[in-house]
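I have placed the structure first, in the form of structure tokens, so that the comments after it can refer back to it.
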There are 2 protein chains.
Amino acid sequence: MGRLLAELADSGARRSKSARRIADYVLAQPAEVVSLSIGELARRVGVSEPTVGRFCTGLGLKGFPDFKLNLAAELARQDFHVAGDIVPGDSCADVITKVFDAAHASLQSTRGGLDPGVVEAVVARLRAARSIVIVGQGASASVALDAQHKMLRFDIPVLAHPDNLTQRMAAAGLGADDCLLCISYTGRTRPVIDIARIADATGATVIGLTAPSSPLAGVARFVLPVASGEDTDLYIPMSSRLAQLAVIDVLTTRLAMAQGEDYPAQFRRIKESQLSTRVGKR
Amino acid sequence: MGRLLAELADSGARRSKSARRIADYVLAQPAEVVSLSIGELARRVGVSEPTVGRFCTGLGLKGFPDFKLNLAAELARQDFHVAGDIVPGDSCADVITKVFDAAHASLQSTRGGLDPGVVEAVVARLRAARSIVIVGQGASASVALDAQHKMLRFDIPVLAHPDNLTQRMAAAGLGADDCLLCISYTGRTRPVIDIARIADATGATVIGLTAPSSPLAGVARFVLPVASGEDTDLYIPMSSRLAQLAVIDVLTTRLAMAQGEDYPAQFRRIKESQLSTRVGKR
DNA sequence: TGTTATCTGTAATTAAATTACATTTTGTGC
DNA sequence: GCACAAAATGTAATTTAATTACAGATAACA
């Protein structure tokens with residue numbers, strides 16, 4: 001969700017009765033509101049026109065037209081959501097559009113659900129960790145592998161075990177100073193949940209990169225929520241994987257930055273180490 | 001570029017002198033126009049207010065305010081591109097924003113560069129292939145693994161070898177009926193190029209999921225271009241990996257669809273096979 | 001070059017949004 | 001619980017913006 005709608009949805013915000021009503025209406029029918037005049041909206045909500053105007057200026061905007069402009073812009077960003085299901089008759093171009101739209105949508109909603117505070121807390125734990133174990137099954141295995149690859153580059157003591165048995169053993173061997181990063185789209189993959197429980201019992205910090213309010217999220221001490229909910233089932237495994245990787249990128253970037261020395265320099269070093277295997281240019 | 005701006009830029013469109021002037025101004029300062037009144041815009045362009053109004057209705061919009069709304073929405077979609085470099089002082093929220101923006105931008109430009117015709121041709125080759133070998137080094141290894149995982153699900157004879165030596169041997173053993181899918185961000189990773197050459201020499205179809213106009217792209221018979229160019233160096237490895245995965249999604253989806261029986265049913269079968277390991281819900 | 005169709009601008013009208021001010025509601029100290 | 005202050009809301013007036021109606025200009029075509 002974007003800044004504006006998120007702001008409106010924020011129930012903590014101090015707001016008058018009419019303002020609350022207006023906010024609720026906008027949240028319920030955002031797309032419709034864009035094509036409404038201030039008078040129409042006022043009538044529908046049951047308040048006066050100036051009240052709507054004050055509501056808008058109270059949000060820091062210049063007035064009602066400005067509000068509509070911002071709302072339209074925000075909805076446009078979200079509108080990748082319109083991606084429909086892939087159906088048998090779809091052309092190749094259709095599939096391209098739908099897959100990419102779904103990817104955008106997944107990234108959008110994951111970004112909206114990420115709490116910088118939680119991210120920072122997770123980064124702090126990862127930094128302090130003596131060792132980090134990453135688990136992910138099935139399609140999440142490649143995400144785990146990717147996370148491992150990146151973290152190793154930054155000299156972070158990390159291990160992604162490929163098979164379930166090794167994962168269990170690794171989890172059981174953890175201690176209070178260690179971290180377990182569990183990756184799962186659904187948060188309902190039994191073996192992964194079991195491992196999370198085992199690690200939790202040892203006192204290790206369990207971090208879930210998974211669907212919010214899933215069993216796995218319940219076990220984890222920190223949850224980095226990855227969109228799943230509303231989206232159609234078909235895309236979940238495809239596009240939420242991208243979102244997971246983006247979250248991994250945020251974590252590793254943040255880790256690298258916290259690592260002390262300045263980030264670009266470190267990154268440059270890594271890049272240079274790769275150059276030897278490259279041809280042409282640079 | 002979106003529908004509206006593309007329309008304005010279309011020099012082929014039959015348009016009056018003033019209309020042309022207005023279109024040019026909007027194209028030059030789109031963001032500014034959003035905050036202008038019809039009178040202001042008319043003054044700056046040097047035409048009358050009704051002319052601006054007619055210009056808008058002529059575009060199929062309801063009027064000038066509607067035009068501004070559409071323009072704002074369109075700009076919002078493009079604005080992902082603004083992602084700046086990550087700099088040492090960035091906050092966690094900054095990093096989240098930048099990483100996700102870069103991901104969006106990368107997806108956008110990759111989508112734009114994908115030619116449905118090439119995708120179809122690649123899919124046809126993959127379908128007809130006796131066997132498929134996937135190679136990717138370093139960070140691309142996890143992409144290769146992911147591709148393998150998905151293709152195996154659809155009963156496609158595929159193998160992603162983990163180490164370079166095995167990859168070379170596998171490539172050498174290919175024949176005219178086989179495919180090699182090479183994954184590389186830069187298209188300049190020597191070992192991957194070597195393997196592509198070896199496979200090409202055997203008559204196998206070499207497909208490159210890589211940067212266009214790179215050495216690897218030169219060797220490959222088919223190129224699925226993944227954005228790299230303009231973007232700042234720092235992000236290339238992070239976000240182009242997401243774009244690569246999205247392309248893989250398109251390929252596998254298309255493969256599954258072509259596989260004969262209807263796609264949703266097949267997908268459902270796969271999902272059901274996973275349910276046994278899940279807890280709660282469904 | 002005359003004729004017509006299209007485009008453009010001026011002025012009038014209508015619609016929309018904001019401001020000013022009066023009234024009500026809500027909260028607070030006693 | 002009452003008096004007062006502060007905030008919120010509404011009504012009406014004002015201003016601003018946008019559209020419409022119409023007339024003049026320009027360009028296209030015979």
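A, B, ... follow the sequence lines: proteins, then strands. Residue 1 opens every chain.
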Axis-to-axis angle across the helix from dT1(C)-dA30(D) to dC30(C)-dG1(D), five pairs each end, nearest 10 degrees, ~ 30°

Rounded to whole Å, the CD1-C1' distance (I38(A) to dG10(D)) equals 13 Å

Protein heavy-atom contacts under 4.0 Å, written 5' to 3' over nucleotides 7-14 of chain C as B (base), S (sugar-phosphate only) or - (none), form the string SBBBB---

K68(B) NZ to dT16(D) C1', in whole Å, measures 12 Å

Hits for side-chain contact (heavy atoms from CB on, under 4.5 Å) against A129(A), two or more places apart or cross-chain, chain-then-number order -> I132(A), C179(A)

From CZ of F55(A) across to C1' of dA7(D) the rounded distance in Å is 17 Å

Those residues at least two apart in sequence (or on a different chain) that pass side-chain contact (heavy atoms from CB on, under 4.5 Å) with I38(B) are E49(B), V52(B), F64(B)

With sequence neighbours left out, the residues meeting salt bridge (Lys or Arg N to Asp or Glu O under 4.0 Å) with R44(B) are E32(B), E40(B)

Sorted by chain and number, sequence neighbours left out, salt bridge (Lys or Arg N to Asp or Glu O under 4.0 Å) with D115(B) holds for none

inquiry  = Less than 4.5 Å apart, side chain to side chain, heavy atoms only: is that true for V119(A) and V95(B)?
reply    = no

From CG of L61(B) across to P of dA18(D) the rounded distance in Å is 14 Å

| task | May I ask you to say whether D146(A) pairs ionically with K150(A), meaning some side-chain N is under 4.0 Å from a carboxylate O? | result | no

